[in-house]
Amino acid sequence: MNPPLLQVKNLTKRFGGVAAVSDVSLDVMPRETLAIIGPNGAGKTTFYNMLSGRMAPTEGAIILEGKDITGQPPHRISRMGVSRSFQINNIFNEMTVRENVEVALTAYHRDSRRWANIASRNTPIQQEADAILERLSLSDLASRRAGVISYGDKRLVEIAMVLATRPHLVLLDEPTAGMTPDETHRVTALVNALATTGDYTFLITEHDMSVVFDVADRILVMHRGQKLVLGTPQEVKAHPEVRRAYLGDAEEEIAP
Ligand SMILES: Nc1ncnc2c1ncn2[C@@H]1O[C@H](COP(=O)(O)OP(=O)(O)O)[C@@H](O)[C@H]1O
Ligand SMILES: [Mg+2]
């Protein structure tokens, strides 16, 4: 059996007296898609912030491909292959969709200081950008200004920019939030296709349970910073507390 891609050991983050993440341990296998669910305030974003290096854990360890990355700064962790979906306000609205992906690629190729000039002259980068856009079915939008495309398409461009950094571990924070059903379907199909055909491991937080059950190999249910359940979709669906809290189990809900 392969060693885990990611090992999280007793990870804890406290803000003053509040433990936003409390003693969470888990292994994520290469090419696995792990969904993280839980109500607002459960600690999902804080968990991501520690994995991506934006926040140092209060306690615990993060091991990526056998190396301890606990407390490393974001640029180091990103260079080691962990990429988190960019926020939409990181997209350059005045640039085309293709140029945005070129910027992400150029940054990856370490030329970030002069990205604009380099991107416009560098044919391999243009070709790589086109290949990524094609993979995401965004080729038709390549020459459009990013500022004028739909919200859902912008979120897909974000994912394109994530892939441009050649990640091993991709952290997606509610990738379908605010999307139409059609756009949501594109994202789930994309994650499933990338998980099957590419060398990607996904962590994905998501409120839409149909998305979770559509993409996840395993599901981590967080509650008040703690690991409530970690298991297959079937195991999580069958768990009484999860049914009550997140799956709208009406019978359980009215029980005392
Ligand atoms: N920077 C911060 N400072 C203080 N408290 C925070 C900070 N970030 C998150 N929290 C608290 O940590 C808990 C978990 O939040 P968060 O990780 O955002 O949960 P989720 O993403 O699951 O909604 C919440 O109680 C939140 O108020
Ligand atoms: Mg959150």
Side-chain angles (χ1 to χ4, degrees), residues 28 30-37 44-45 48 52 81-105 108 125-220 233 236-237 246-247:
V28 183
R31 299 184 168 210
E32 184 174 28
T33 297
L34 179 79
I36 304 175
I37 65 172
K44 306 178 296 292
T45 299
Y48 271 13
S52 65
V82 178
S83 187
R84 180 184 181 149
S85 58
F86 286 64
Q87 293 303 311
I88 278 179
N89 49 20
N90 285 9
I91 292 180
F92 299 96
N93 284 327
E94 298 308 316
M95 292 184 171
T96 67
V97 166
R98 183 191 288 111
E99 284 164 349
N100 270 280
V101 178
E102 287 171 356
V103 166
L105 280 167
Y108 172 80
I125 282 184
Q126 289 168 357
Q127 287 170 349
E128 199 175 337
D130 281 334
I132 291 170
L133 291 172
E134 190 169 338
R135 193 150 199 201
L136 274 68
S137 307
L138 290 170
S139 302
D140 290 351
L141 298 179
S143 303
R144 304 278 308 275
R145 264 198 327 114
V148 303
I149 65 176
S150 73
Y151 176 81
D153 284 329
K154 279 190 189 175
R155 300 221 57 176
L156 286 164
V157 172
E158 267 179 56
I159 297 175
M161 293 170 81
V162 166
L163 298 184
T165 66
R166 302 216 187 126
H168 306 165
L169 178 63
V170 181
L171 311 179
L172 300 175
D173 203 353
E174 302 196 10
T176 72
M179 285 192 164
T180 64
D182 187 50
E183 289 164 344
T184 298
H185 176 74
R186 278 174 72 190
V187 170
T188 58
L190 175 70
V191 169
N192 280 329
L194 292 171
T196 316
T197 61
D199 194 6
Y200 297 106
T201 302
F202 286 99
L203 297 193
I204 172 168
T205 74
E206 183 57 62
H207 275 127
D208 182 336
M209 285 303 136
S210 66
V211 171
V212 168
F213 288 116
D214 200 1
V215 300
D217 298 309
R218 285 191 304 159
I219 300 172
L220 167 66
V236 166
K237 261 184 203 166
Y246 309 113
L247 302 176

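- Side-chain contact between Ile219 and Phe213: present, with at least one pair of heavy atoms (C-beta onward) separated by less than 4.5 Å.
- Expressed to the nearest 0.5 Å, how far NZ of Lys44 lies from CG of Leu171 amounts to 14.5 Å.
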Output, in order, the C-alpha distance, side-chain angles, deciding distance and verdict of side chain to side chain contact (heavy atoms under 4.5 Å, CB included) for Arg155 and Val187. CA-CA 9 Å; Arg155 300 221 57 176; Val187 170; over 6 Å; no
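- Interatomic distance, CG of Leu169 versus CZ of Arg84, reported as 11.5 Å (0.5 Å rounding).
- For the residue pair Glu128 and Leu105, the shortest heavy atom distance occurs at OE2-CD2, 3.2 Å.
- Across all non-hydrogen atoms, the minimal contact from Lys154 to Gly147 is NZ-O, 4.1 Å.
- A pairwise comparison of heavy atoms in Glu102 and Ala129 identifies CG-CB, 3.7 Å as the closest pair.
- Among all heavy-atom pairs drawn from Ile132 and Ala164, the shortest one is CD1-CA, 3.7 Å.
- Separating the CD1 atom in Ile149 from the CG atom in Asp140 is a distance of 12.0 Å, to the nearest 0.5 Å.
- Taking the side chain as every heavy atom from C-beta outward, Val103 and Met95 approach each other to under 4.5 Å.
- The shortest non-hydrogen separation linking Leu172 to Phe202 is CD1-CD2, 3.9 Å.
- Taken from CG in Asp217 to CZ in Arg31, the straight-line distance is 12.0 Å, to the nearest 0.5 Å.
- Asn192 CG to Thr197 OG1: the interatomic distance, rounded to the nearest 0.5 Å, is 10.5 Å.
- Considering every non-hydrogen atom in both Asp153 and Leu138, the closest pair reads OD1-CD2, 4.1 Å.
- Atom OG1 in Thr205 sits 11.0 Å away from atom CG in Leu34 (nearest 0.5 Å).
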Between His168 and Val82, does the side chain to side chain contact (heavy atoms under 4.5 Å, CB included) criterion hold? Intermediate values first, please. CA-CA 6 Å; His168 306 165; Val82 178; over 6 Å; no
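- The side-chain heavy atoms of Leu156 and Leu190, taken from C-beta on, include a pair separated by under 4.5 Å.
- Taking the charged nitrogens against the carboxylate oxygens, Arg186 and Glu183 have no contact shorter than 4.0 Å, which rules out a salt bridge.
- Counting heavy atoms from C-beta on, the side chains of Leu136 and Leu163 come closer than 4.5 Å.
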